[in-house]
There are 2 protein chains.
Amino acid sequence: MTIEKAVSLLRKFYKQQKRLPSYQEICTLFGYSSKNAAVYLVNKLIEAEILEKDDKGKLLPKKLFHIPHLGIIKAGYPSPAESSLGDSIDFYEYLLDIPGDIFSLTVHGDSMIEEGIHDGDIVIVAKDHHPRNGDIVAALVDGEWTVKYFQQKNNRVYLIPANNSYPIIEPRESLSIGGVVASVIRKYH
Amino acid sequence: MTIEKAVSLLRKFYKQQKRLPSYQEICTLFGYSSKNAAVYLVNKLIEAEILEKDDKGKLLPKKLFHIPHLGIIKAGYPSPAESSLGDSIDFYEYLLDIPGDIFSLTVHGDSMIEEGIHDGDIVIVAKDHHPRNGDIVAALVDGEWTVKYFQQKNNRVYLIPANNSYPIIEPRESLSIGGVVASVIRKYH
DNA sequence: TCATATGCTGAACAAACGTACAATAACTAT
DNA sequence: ATAGTTATTGTACGTTTGTTCAGCATATGA
């Protein structure tokens, strides 16, 4: 049983069950007939930093789902993927480490295209009703939702698109800030 | 103990421990002195679809980390957040449901800006060495990494930027396709 | 060829775990 | 006021869990 195969099986189990298997379940999963074989394997995985044990001795994933981050590349001209090789990122933590309540929206249209928010992108919004100038906000203007830059001047609020062909919005009746856009997620295919 | 507070405490525990607490740990966590109080609470959470039990009776998160998806909004002009309210997304599944090996890169520069890939964005790349025309690829050109559109014509490969001020790259010596960009992730602040 | 490390089997055990049942306190609705 | 539901306590029990020890077969290296 190689580490690679073990990682693959553990990922599969974790994705289905949303938890790590017990030693007994590892036996079933890996075809062992002795629990101690599982203990042996787990120790190797702990050494490899795939798994770890918490203070109570319970098993938990360490880098099981980390994605190797190959570094920074210039999209302008080719450049060496700057160092930091061997690093890895837990995207769940990376993305959702946002304080407070969050919700998401799918964006349609191209009014924020110069900000790199395209049709079909999902934005993650942190509920925060006191945005600062320049923040990208999800706002409820006159009863309808929109995503725009937030700008406050002389006690008046302007919602500014990132696309010249759209007008700046000045809320007439009511304005409710849903929150500040914390992340943008795009998926291809 | 309200459901909201329970969810918040469970999320905190799960983030730290990467697993759900046992009934005993729920007692400590919620200040109960009887395990049965924990059972009671858990049953409510199962009814609310926050948690669920698998076929073996083990507790696992169902919608504990789902982010409410408020629907589709027009970024052009304000429009009603089209239905689908009450829906929710598991972003871990959403993002990383990519077959095969993946790795990530941080992009510098603005050569893909018209594709909405900005300086500082992270791209998730699926290792796939046979991209189709139009795919965004991470490629190793003459020993250095770059992110560009992939275009193959008459047996020649072109790497095309999404920015007019940059030239089309024709690999001279060698070209190695690292993979196809599957997602783009941006984080503000 | 012999010693050692590696990978696994099998069994034993205390602690922790989930489940169940009976009882009580607090809140709601009528 | 009273009946019923909701929220919690306390206890008991069989099962599963992680751990440990002894042993054996197969590779590995000197």
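Naming: A, B, ... by sequence-line order, numbering from 1 per chain. Worth saying up front: this structure is predicted, and the values here are computed from it rather than measured.
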J.: Is any side-chain N of the basic residue among A/Glu25 and B/Lys56 closer than 4.0 Å to the acidic one's carboxylate O?
T.: yes
J.: To the nearest angstrom, how far is A/Asp54 atom CG from C/dA16 atom C1'?
T.: 14 Å
J.: In this structure, how many angstroms lie between the P atom of D/dT17 and the NZ atom of A/Lys58, rounded?
T.: 10 Å
J.: Does a side-chain heavy-atom distance below 4.5 Å link B/Tyr149 with B/Pro161?
T.: no
J.: Indicate whether the side chain of B/Glu115 and that of A/Tyr188 have a donor and an acceptor atom separated by less than 3.5 Å.
T.: yes
J.: Roughly how many Å is it from CG in A/Leu45 to C1' in C/dG7, rounded to a whole number?
T.: 14 Å
J.: By the 4.0 Å heavy-atom rule, please label A/Lys53 as base, sugar-phosphate, or nothing.
T.: sugar-phosphate
J.: If you take any heavy atom closer than 4.0 Å to DNA chain D, which residues from residues 27-44 of chain A end up in contact?
T.: A/Lys35, A/Asn36, A/Val39
J.: What is the distance from CD of A/Glu47 to C1' of C/dT6, rounded to the nearest Å?
T.: 12 Å
J.: Can you check the B/Ile26 CD1 to D/dT9 P distance for me, whole Å?
T.: 14 Å
J.: Within the structure, does a side-chain N or O atom of A/Gln24 lie under 4.0 Å from either OP1 or OP2 of D/dT16?
T.: no
J.: Would you say that A/Arg19 contacts B/Lys58 through its side chain, given a criterion of any heavy-atom pair below 4.5 Å between the two side chains?
T.: yes
J.: Contact between A/Leu159 and A/Gln151 at the side-chain level, heavy atoms closer than 4.5 Å - yes or no?
T.: no
J.: NZ of B/Lys56 versus C1' of C/dC17: gap in Å, rounded?
T.: 13 Å
J.: Measure the distance from CZ on B/Arg19 to P on D/dT17 and round it to the nearest whole Å.
T.: 14 Å
J.: Hey, are B/Ser165 and B/Asn163 close enough side-chain-wise for a donor-acceptor pair under 3.5 Å?
T.: yes
